[in-house]
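Below is one structure; the comments refer to it alone.
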Amino acid sequence: DIPRTADRAPTRCFYTWHIDIDAVFSKLAADLYHAAVNLHTRRSHEMQKHSELVELVESAHAAGQLTFNMTEGQRRALERLEKVSTALDTSLLRLDGMIALFNEY
């Protein structure tokens with residue numbers, strides 16, 4: 001601190017500090033990458049949790065069936081899975097844009 005008067009009153013002092021900008025950028029980059037890994041891991045977990053349902057849908061599409069029988073519970077689980085997957089994919093794409101912008105500057 002640099003006092004303007006002899007009494008060193010906090011309201012009449014200048015305070016100086018130093019920021020290691022390289023350390024700040026490194027920490028921010030690490031946080032961005034960590035968030036991307038978390039999103040990817042969560043998406044993988046959701047897909048693995050509903051693997052039977054995913055296999056059912058994929059096998060129906062591979063067989064060329066546009067419609068197939070599903071129970072009401074499976075239908076609700078599929079809707080939830082699609083909603084969660086879309087939200088996670090959107091978040092990952094936005095984060096990817098942030099990472100690209102961060103790395104460019």
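We count residues from 1, following the sequence as given. All values below were derived from every heavy atom in this structure, side-chain atoms included, with hydrogens, water molecules and symmetry-related copies excluded. These numbers were taken from a predicted model, which means no experiment stands behind them.
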Checklist entry - Among E82, Q74, R75, whose side chain to side chain contact (heavy atoms under 4.5 Å, CB included) with L78 holds? => result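 It is E82, the one option of E82, Q74, R75 that forms the side chain to side chain contact (heavy atoms under 4.5 Å, CB included) with L78.
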Next on the checklist: Using the side chain to side chain contact (heavy atoms under 4.5 Å, CB included) definition, which of the options V84, L92, T90, T86 pairs with L88?
Outcome noted: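 By the side chain to side chain contact (heavy atoms under 4.5 Å, CB included) criterion, L88 pairs with just one of V84, L92, T90, T86: V84.
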Spell out, yes or no, whether [X] and [Y] are grouped together once hydrophobic residues are joined by side-chain heavy atoms under 4.5 Å, including indirect joins.
X: V37; Y: L28; value: no
X: L93; Y: L39; value: no
X: V24; Y: W17; value: yes

Checklist entry - Are any of the side-chain nitrogens in E46 or R80 under 4.0 Å away from the carboxylate oxygens of its partner? => result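 Between R80 and E46 there is a salt bridge, with a charged N closer than 4.0 Å to a carboxylate O.
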Next on the checklist: Are P3 and F14 packed together at the side-chain level, in the sense that at least one heavy-atom pair is separated by less than 4.5 angstrom?
Outcome noted: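 Counting from C-beta outward, P3 and F14 never come under 4.5 Å.
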Checklist entry - Counting only heavy atoms not in R94, do more than 12 sit closer than 6.0 Å to its CZ atom? => result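 No, CZ of R94 has 12 or fewer neighbouring heavy atoms, counting only those of other groups under 6.0 Å.
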Rounded distance [0.5 Å steps], [atom1] in [X] versus [atom2] in [Y]:
X: E58; Y: L56; atom1: CD; atom2: CG; value: 10.0 Å
X: L95; Y: F102; atom1: CG; atom2: CZ; value: 12.0 Å
X: S91; Y: H40; atom1: OG; atom2: NE2; value: 14.5 Å
X: T16; Y: I2; atom1: OG1; atom2: CD1; value: 5.0 Å
X: N38; Y: R43; atom1: CG; atom2: CZ; value: 15.5 Å

Next on the checklist: Between L81 and K49, does the side-chain contact (heavy atoms from CB on, under 4.5 Å) criterion hold? Intermediate values first, please.
Outcome noted: CA-CA 10 Å; L81 179 62; K49 187 168 71 171; over 6 Å; no
